[in-house]
Amino acid sequence: MNRLLGYGSVEDRWGSRASETEALELRGVEKSFKKRRGETVRALDSVSFAVGKGEVVGILGPNGSGKSTLVRIVSTLVVPDAGTVEVFGVDAVRHPKVVQRCMNRVSVEASFFKKLSAMENLLYGAKLYGVTSREARPRIAEILENVGFARKRALEPMEHLSRGMQQKIALARALLTSPVLMLLDEPTTGLGPRSKKDVQGFIRRIKGEHDSSILLCTHDMDEAEELCDRIGIMVDGRIVALDEPEALKRRYAAGAETPTLEETFMTATGLSVEEASAEGEE
Ligand SMILES: Nc1ncnc2c1ncn2[C@@H]1O[C@H](COP(=O)(O)OP(=O)(O)OP(=O)(O)O)[C@@H](O)[C@H]1O
Ligand SMILES: [Mg+2]
């Protein structure tokens with residue numbers, strides 16, 4: 001029997017558990033959407049890749065290339081038309097409830113009860129995963145301390161916190177379950193430079209200190225290069241390249257004076273970084 005299906009005690013959930021399976025594995029995933037005028041958009045076209053345990057995989061891609069659809073499918077909010085998605089070896093389409101317990105999605109605008117404090121939101125988050133306040137409190141304190149979040153501020157209403165601090169709490173909430181697959185859909189988009197650095201620092205610490213696997217969609221080349229073990233480039237619903245940053249640069253930007261990820265992205269997608277995240281598109 002798969003370990004996750006036998007999911008029992010809190011220790012199981014929060015302790016580290018060895019498994020040979022990948023944290024996430026997609027095979028031939030397809031998704032199309034019908035548009036108003038009867039057209040069909042192929043949001044995902046034969047997407048296959050895996051995220052290893054403890055690995056950070058980034059996905060870079062222009063607006064509308066399918067990144068958020070990918071994240072929504074993995075988080076079981078959207079059902080794929082074809083293909084398989086496995087989270088820690090469990091089929092996400094057939095067992096959404098089981099896989100939901102060991103992953104968390106943090107998107108651009110995390111949702112909270114704004115009048116409640118960060119601590120109350122975190123306790124509520126834990127409760128959704130079947131963890132009592134008594135069990136959750138020490139775990140929350142540990143996470144907040146690890147990421148340098150002042151405990152006093154955790155007692156203020158969420159709406160008093162900056163957006164960067166709110167994103168940190170969203171990430172902390174995602175760490176309440178373990179082993180954990182974190183799905184980060186543009187976690188730093190729209191943040192000021194200081195908050196952005198803070199949140200990126202938080203993700204780096206999660207990577208270093210927690211047994212987390214991360215799928216990170218971003219438009220930020222530096223963020224991808226700094227945080228990711230491997231980077232995938234997505235164009236029109238297809239992953240056109242997926243490799244370690246240095247290998248990608250060797251393949252796509254070797255001819256450039258200074259081989260950068262930006263240069264790599266432009267060669268692989270045929271778009272400039274500005275064109276790829278142009279305002280007004282989807
Ligand atoms: N619920 C939906 N209904 C109809 N079309 C959709 C839906 N969700 C996504 N799409 C379409 O699927 C394609 C991929 O969208 P998606 O949001 O996954 O892209 P993205 O890479 O996340 O873009 P961005 O960088 O702008 O966030 C787009 O053409 C989009 O219009
Ligand atoms: Mg998106």
Side-chain angles (χ1 to χ4, degrees), residues 10 13-14 23 56 58 67-68 71-72 74-77 99-220 223 226-228:
V10 171
R13 208 169 302 156
W14 287 347
V56 183
K67 304 180 297 297
S68 295
V71 166
R72 289 194 193 106
V74 176
S75 64
T76 76
L77 291 170
V99 300
Q100 277 162 17
R101 286 197 227 158
C102 56
M103 65 184 170
N104 260 299
R105 184 175 70 109
V106 175
S107 55
V108 185
E109 195 76 56
S111 59
F112 288 106
F113 296 108
K114 302 269 182 192
K115 304 275 178 210
L116 298 185
S117 69
M119 180 57 96
E120 286 165 324
N121 273 282
L122 290 170
L123 289 171
Y124 182 75
K127 205 167 205 165
L128 289 180
Y129 286 82
V131 180
T132 65
S133 297
R134 241 184 85 197
E135 292 161 333
R137 272 180 201 280
R139 172 76 176 162
I140 292 171
E142 182 197 318
I143 293 171
L144 292 181
E145 191 173 328
N146 271 353
V147 299
F149 195 98
R151 286 190 71 181
K152 243 168 66 193
R153 303 230 55 183
L155 302 175
E156 288 178 33
M158 281 307 289
E159 61 190 3
H160 289 187
L161 303 180
S162 71
R163 274 213 46 223
M165 292 176 106
Q166 294 190 21
Q167 281 300 77
K168 284 196 195 173
I169 295 297
L171 291 165
R173 182 168 60 185
L175 286 174
L176 285 175
T177 49
S178 177
V180 81
L181 170 64
M182 309 251 289
L183 307 171
L184 309 183
D185 191 1
E186 303 195 31
T188 65
T189 297
L191 297 183
R194 170 87 194 275
S195 292
K196 195 171 198 158
K197 279 267 165 294
D198 280 353
V199 171
Q200 287 169 349
F202 192 161
I203 298 170
R204 205 174 307 114
R205 288 175 85 152
I206 291 172
K207 186 180 162 178
E209 292 164 19
H210 296 265
D211 182 25
S212 303
S213 313
I214 302 178
L215 179 66
L216 167 71
C217 297
T218 181
H219 283 278
D220 187 321
E223 178 172 298
E226 202 182 314
L227 299 175
C228 301

List the steps and the verdict of side chain to side chain contact (heavy atoms under 4.5 Å, CB included) for Arg173 and Val106. CA-CA 9 Å; Arg173 182 168 60 185; Val106 175; over 6 Å; no
Side chains of [X] and [Y]: does their closest heavy-atom pair fall under 4.5 Å?
X      : Y      : value
Lys67  : His219 : yes
Tyr124 : Leu116 : no
Leu183 : Met103 : yes
Leu123 : Lys127 : no

Out of curiosity, [X] [atom1] to [Y] [atom2], how far, rounded to the nearest 0.5 Å?
X      : Y      : atom1 : atom2 : value
Gln166 : Leu191 : CD    : CG    : 10.0 Å
Lys114 : Asn121 : NZ    : CG    : 9.0 Å
Leu122 : Phe149 : CG    : CZ    : 8.5 Å
Lys207 : Ser212 : NZ    : OG    : 12.0 Å
Cys228 : Ile203 : SG    : CD1   : 9.0 Å
Arg137 : Thr132 : CZ    : OG1   : 10.0 Å

Identify the heavy atoms of [X] and [Y] that sit nearest to each other, and give their distance.
X      : Y      : answer
Val180 : Ala174 : CG2-O, 3.1 Å
Ser117 : Ala154 : CB-O, 3.4 Å
Ser75  : Arg105 : OG-CD, 3.7 Å
Leu161 : Ala118 : CD1-CB, 4.4 Å

What side-chain hydrogen bond (donor to acceptor under 3.5 Å, both in side chains) pairs are there with at least one residue in residues 147-160, not counting sequence neighbours?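 Output for this query lists Lys115-Glu159, Arg153-Glu156.
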Exercise: do Thr188 and Glu223 side chains pair donor with acceptor under 3.5 Å: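 Indeed, the side chains of Thr188 and Glu223 share at least one donor-acceptor pair under 3.5 Å.
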If you apply the rule side chain to side chain contact (heavy atoms under 4.5 Å, CB included), what do you find for Val199 with Lys168, and how did you get there? CA-CA 6 Å; Val199 171; Lys168 284 196 195 173; 4.3 Å; yes
Are the side chain of Gln167 and the backbone N or O of Ser107 linked by a donor-acceptor pair below 3.5 Å? yes
Tell me which one of Leu175, Leu184, Leu227 satisfies side chain to side chain contact (heavy atoms under 4.5 Å, CB included) with Ile206.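 Among Leu175, Leu184, Leu227, the one that satisfies the side chain to side chain contact (heavy atoms under 4.5 Å, CB included) with Ile206 is Leu175.
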List the steps and the verdict of side chain to side chain contact (heavy atoms under 4.5 Å, CB included) for Leu176 and Asn104. CA-CA 9 Å; Leu176 285 175; Asn104 260 299; 6.0 Å; no
What pairs of residues pass the salt bridge (charged side-chain N to carboxylate O under 4.0 Å, His left out) test when at least one of them lies in residues 183-199, not counting sequence neighbours?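 Passing the test, one end in residues 183-199: Lys196-Asp220.
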